[in-house]
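The structure appears right after this line, and notes come after that.
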Amino acid sequence: MSTIAWSWTYFWTVWFFVIYSDNLTKVRLFFMFLNTLTPKFYVALTGTSSLISGLILIFEWWYFRKYGTSFIEQVSVSHLRPLLGGVDNSSPTNSNSSNGDADSNRQSVSECKVWRNPLNLFRGAEYNRYTWVTGREPLTYYDMNLSAQDHQTFFTCDSDHLRPADAIMQKAWRERNPQARISAAHESLELEDCATASILLAEEEATTIVEAEKLFKQALKTGEGCYRRSQQLQHHGAQYEAQHRRDTNVLVYIKRRLAMCSRKLGRTREAVKMLRDLMKEFPLLSMFNIHENLLESLLELQNYADVQAVLAKYDDISLPKSATICYTAALLKARAVSDKFSPEAASRRGLSTAEMNAVEAIHRAVEFNPHVPKYLLEMKSLILPPEHILKRGDSEAIAYAFFHLQHWKRVEGALNLLHCTWEGTVFHEVSVYPKKELPFFILFTAGLCSFTAMLALLTHQFPELMGVFAKAFLSTLFAPLNFIMEKVESILPSSLWHQLTRI
């Protein structure tokens, strides 16, 4: 390895000397040319640079507002990184250690900030009602784009092109127009029974929960058959393993949405049973946060003992926290003391042990997400929850309060205890979804545009002085290179330069 490195070093050193010796006269002529430039040239140069960087800034800003990402950054990651040998950090580094893989997966999950809302509404049966009444869209483009990426990740695989129905759905998940997606799903079902096509129709075309449940049951029948077939073939190769992973995701999604349909239609006990069976059948899929659906259903049944049992399992320091876990734990602690709690009496006699535990649980919850209390106390108006939430952000607070406000109202005195406690909690800076930081390249082009515009203005106002500064800057910039090459030229014999130029 060292021999190869020395060989490449020698090759590039010789090549540099050859190029320099061949163009030494041209370099000196270049310096003479710089000394003859007039201030008008520098005005034109800085003005043109400012114009180009301004156009780039306008395009970058438009692209960021429309697509939520930087065009330069996207091109760099998508096209330049593979050419430069970029490595996907998400791939496991040690396939021989299952515990290491589990730890790395858990770490990557815990570091994730944007999550799919576990209790997200149905587009056709719920979100579209808002559109019908107000004529406005309930979801942002950024949110729907994240959902489209989720659908392509969980509901497609590389072998879909081998099956016509799945090939159509692979294109359907990438469609931006809802009607085009629905038409593609119908086209796929005309060819054969397709679970993902039924999912799409249940989510986007069904106008009631009853219709959505019917379509999900149809998808369940197809999905279970696909899952059993792929389960038998999963060890026959990477292609079959990927197909089995996709079929598992589809089956889990269908069963979860069926449980949510039962919950929305008032069959809460049935929903609890379905969720428990799902968690028992797929215990490793904790990233889907199915336990949050279970917690909400158990709270509706006022089965607080089972809620405490679920919290004991998932309120663990090694697992990612959420507003649902933190505030549900606080609600259970508050429930034990809230009905008899009085701020005046507590200030006179001090807090009891149970009251102190409740206050500490509320402090812990508010420190995790300080946006929630204003929604629970109805100091801020609720809106429809998004399909994706930012952990510890305003969107997570909206999603939690939208479904759990009724549970807090049901516990007598819980909101009063929350109101008396939460303002004393230490707050911290958190970002608000879907607000995002500006990409680096927008800030860079803005600074470059401002800097070159300032140089153009100064050069136009003070041409002689800026010309002196420009020549001094360029001379200083190239001085080290010129000094090194002069030393090398004086040390090496002229016969060697002659031989190098003939290579």
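Because the structure is predicted, anything quoted here is derived from the model rather than measured. All values below come from the heavy atoms of this structure, side chains included, with hydrogens, waters and symmetry mates left out.
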Check: [X] side chain, [Y] main-chain N or O, donor-acceptor pair, under 3.5 Å:
X	Y	value
Asp160	Ala167	no
Asn357	Thr353	yes
His404	Tyr400	no
Tyr227	Arg246	no

Does a side chain donor of either [X] or [Y] reach within less than 3.5 Å of an acceptor in the other side chain?
X	Y	value
Tyr375	Asp394	yes
Asn117	Asn120	no
Asn293	Arg256	yes
Tyr253	Glu203	yes
Glu296	His407	yes
Glu300	Thr268	no
Thr156	Gln170	no
Asn369	Glu396	yes
His161	Asp166	no

**Report entry** Ion pair check, Glu281 and Lys255, cut-off under 4.0 Å
**Finding:**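 A salt bridge links Glu281 with Lys255.
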
Report task. Look at Lys264 together with Glu126 and state whether they make a salt bridge at an N to O cut-off of under 4.0 Å. Result ->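 A salt bridge is present here (some side-chain N lies under 4.0 Å from a carboxylate O).
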
**Report entry** Stacked cation flag Arg245 on Phe154, 6.0 angstrom / 45 deg
**Finding:**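 Because its charged atom misses either the 6.0 Å distance or the 45° angle limit, Arg245 does not stack over Phe154.
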
Query raised in the report: Between Arg335 and Tyr304, is NZ or CZ placed under 6.0 angstrom from the six-membered ring centre and within 45° of the ring axis?
Result: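 So Arg335 does make the cation-pi contact.
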
Should the heavy atoms of other residues, nucleotides or ligands under 6.0 Å from [atom1] of [X] be counted, would the total exceed 12?
X	atom1	result
Asp277	CG	yes
Arg269	CZ	no
Lys214	NZ	no
Gln149	CD	yes

**Report entry** pair Tyr327-Pro373: side-chain heavy atoms closer than 4.5 Å
**Finding:**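 Yes, close enough: below the 4.5 Å cut-off.
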
Query raised in the report: Between Leu119 and Pro385, is any pair of side-chain heavy atoms under 4.5 Å apart?
Result: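 Not touching, per the 4.5 Å side-chain cut-off.
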
Report task. Taking salt bridge (Lys or Arg N to Asp or Glu O under 4.0 Å) as the test, write out the residues that go with Glu175, two or more places apart. Result ->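 Not a single residue meets the salt bridge (Lys or Arg N to Asp or Glu O under 4.0 Å) criterion with Glu175.
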
